[in-house]
Amino acid sequence: NFRDINVTINNSIDPLPFWVDRMAGLLYINKTSYGIPYIYYDDVTAANYSNMGTTFLRNDSFDNLTVGDLNTQNGWSGGAIFDVQSSVMQNGTQSVEHLGGTTSISKSIPQGQNYSVIFYINMSDTTRSAYVYFYEGATEIIRVGMDGGMFVDNVGTFGSTIINRWYMFQVNITSSGHDIFIYNQSNISAVSVAGRANVNPMTTGIDTITLQTYTIGEDSYFDTIGLWIPTYPKAVIGSWGIENLVTTVGVTRYNNYTL
């Protein structure tokens, strides 16, 4: 269940912040100091150190927000029909539900030309739509989501969806294009596409993320948004049964790894 994991730098006791996406079976590491990250696992007595808040450049799990209207909470601004709720969620204790109608809600992010982002979408009906847009100012750069029972971006459709199922999207965005990787609830890669064109070229970089819907029906859900700046190489796998003590580390550099 990925709970017995710890990550250090250069095979030492110095911890690195990390977060485990248990649905997709992916581990994200915030490399807060230089060197090679090491992964330790298979200690049944280990504490759960996975922490999204210290791992990503920006993240929103919606768990600490007030149930009800998302507008004005935690930097979100826009339509009043996106509600924080605690009945249907993928991670944590809360997610955001779209209550019907064509509308959007947005949040500012640090401006950048090389981003990776994860987010989750769950649709209750194949006639509905739910998108995540990325903007540079008022200029659309890309959009990714689910519409009419299909996965879709600004280029077109690229696979079918199943209702009432959470999908995790990982989108890698650069000034020249974007790649998309989608996982379902069984830790299985549902579909992936690479080398997709952006809607418009970037000049200064993406600075806004927007949740957008276009359908009258309700019950579209969004959960757990995380953004980071990807770097390499990958981590080294450590020895079985070794677990080092983790202490709090300040995030000083937003250099992160997808493993």
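Along the sequence shown, residues carry numbers from 1. Atom set for the values below is all heavy atoms of this structure, side chains included, hydrogens, waters and symmetry mates excluded.
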Heavy-atom closest pair, residues [X] and [Y]:
X: Gly145; Y: Ile121; answer: CA-CD1, 4.1 Å
X: Gln212; Y: Ser104; answer: OE1-CB, 3.1 Å
X: Gly112; Y: Met202; answer: O-SD, 4.3 Å
X: Leu27; Y: Val7; answer: CD2-CG2, 4.3 Å
X: Gln113; Y: Gly205; answer: CG-CA, 3.7 Å
X: Ala130; Y: Met123; answer: CB-SD, 3.5 Å

Does the ring center of [X] lie less than 6.0 Å from the ring center of [Y]?
X: Tyr28; Y: Phe56; value: yes
X: Tyr167; Y: Phe151; value: yes
X: Tyr133; Y: Tyr135; value: yes
X: Tyr221; Y: Tyr120; value: no

> Under the side chain to side chain donor-acceptor pair (under 3.5 Å) criterion, do Asn198 and Asn154 qualify, and how do the steps go?
Replying inline: CA-CA 7 Å; Asn198 297 339; Asn154 50 274; 5.9 Å; no
Output the distance between atom [atom1] ([X]) and atom [atom2] ([Y]), rounded to the nearest 0.5 Å.
X: Asn122; Y: His98; atom1: CG; atom2: NE2; answer: 14.0 Å
X: Asn71; Y: Ser106; atom1: CG; atom2: OG; answer: 10.0 Å
X: Phe134; Y: Glu140; atom1: CZ; atom2: CD; answer: 11.0 Å
X: Thr8; Y: Phe18; atom1: OG1; atom2: CZ; answer: 10.5 Å
X: Thr224; Y: Gln94; atom1: OG1; atom2: CD; answer: 11.0 Å
X: Thr161; Y: Arg128; atom1: OG1; atom2: CZ; answer: 12.5 Å

> In this structure, are over 12 heavy atoms from other groups packed under 6.0 Å from Asn64 atom CG?
Replying inline: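 Count not over threshold, so no.
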Taking the side chain as every heavy atom from C-beta outward, state whether [X] and [Y] have any pair of such atoms under 4.5 Å apart.
X: Phe82; Y: Thr103; value: yes
X: Ile29; Y: Thr55; value: no
X: Leu70; Y: Leu65; value: yes
X: Thr208; Y: Lys107; value: no
X: Asn184; Y: Arg165; value: yes
X: Phe62; Y: Asp223; value: yes
X: Ile173; Y: Ile206; value: yes
X: Asn91; Y: Trp166; value: no

Check whether the side chains of [X] and [Y] place a donor and an acceptor atom closer than 3.5 Å, and report yes or no.
X: Asn172; Y: Ser116; value: yes
X: Thr203; Y: Glu136; value: yes
X: Ser95; Y: Gln85; value: yes

Is the backbone of [Y] close enough, under 3.5 Å, to the side chain of [X] for a donor and an acceptor to pair up by distance?
X: Asp69; Y: Asp83; result: no
X: Thr174; Y: Ser176; result: yes
X: Gln73; Y: Thr66; result: yes
X: Asn200; Y: Thr139; result: no
X: Ser50; Y: Val20; result: yes

Taking a hydrophobic cluster as the set of Ile, Leu, Val, Met, Phe, Trp and Tyr residues connected by side-chain heavy atoms closer than 4.5 Å, whether directly or through intermediates, do [X] and [Y] fall within one such cluster?
X: Tyr115; Y: Val155; answer: no
X: Val191; Y: Ile180; answer: yes
X: Met150; Y: Phe181; answer: no
X: Val193; Y: Phe169; answer: yes
X: Ile162; Y: Met89; answer: no

> Going through the distances and angles, do Ile118 and Ile225 end up as a side chain to side chain contact (heavy atoms under 4.5 Å, CB included)?
Replying inline: CA-CA 6 Å; Ile118 63 168; Ile225 300 169; over 6 Å; no
>> Among Leu227, Ile142, Asp179, Ile182, which residue satisfies the side chain to side chain contact (heavy atoms under 4.5 Å, CB included) criterion with Val171?
In response: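 That would be Ile142; it is the only one of Leu227, Ile142, Asp179, Ile182 passing the side chain to side chain contact (heavy atoms under 4.5 Å, CB included) with Val171.
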> Which residue pairs pass the salt bridge (Lys or Arg N to Asp or Glu O under 4.0 Å) test with at least one member in residues 148-162, sequence neighbours excluded?
Replying inline: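 Listed once each, the pairs are Asp153-Arg196.
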> What pairs with Phe222 under ring pair (Phe, Tyr, Trp, His ring centres under 6.0 Å), at least two apart in sequence or on another chain?
Replying inline: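 Once residues adjacent in sequence are excluded, Phe222 has no partner under the ring pair (Phe, Tyr, Trp, His ring centres under 6.0 Å) criterion.
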> Going through the distances and angles, do Asn59 and Trp228 end up as a side chain to side chain donor-acceptor pair (under 3.5 Å)?
Replying inline: CA-CA 9 Å; Asn59 75 278; Trp228 74 99; over 6 Å; no
>> Go through it in stages, so that I can follow the logic: the residues are Tyr214 and Tyr131, the test is ring-ring contact (aromatic ring centres under 6.0 Å, His included), and I'd like the CA-CA distance, side-chain angles, deciding distance and then a yes or no.
In response: CA-CA 9 Å; Tyr214 292 102; Tyr131 288 85; 5.7 Å; yes
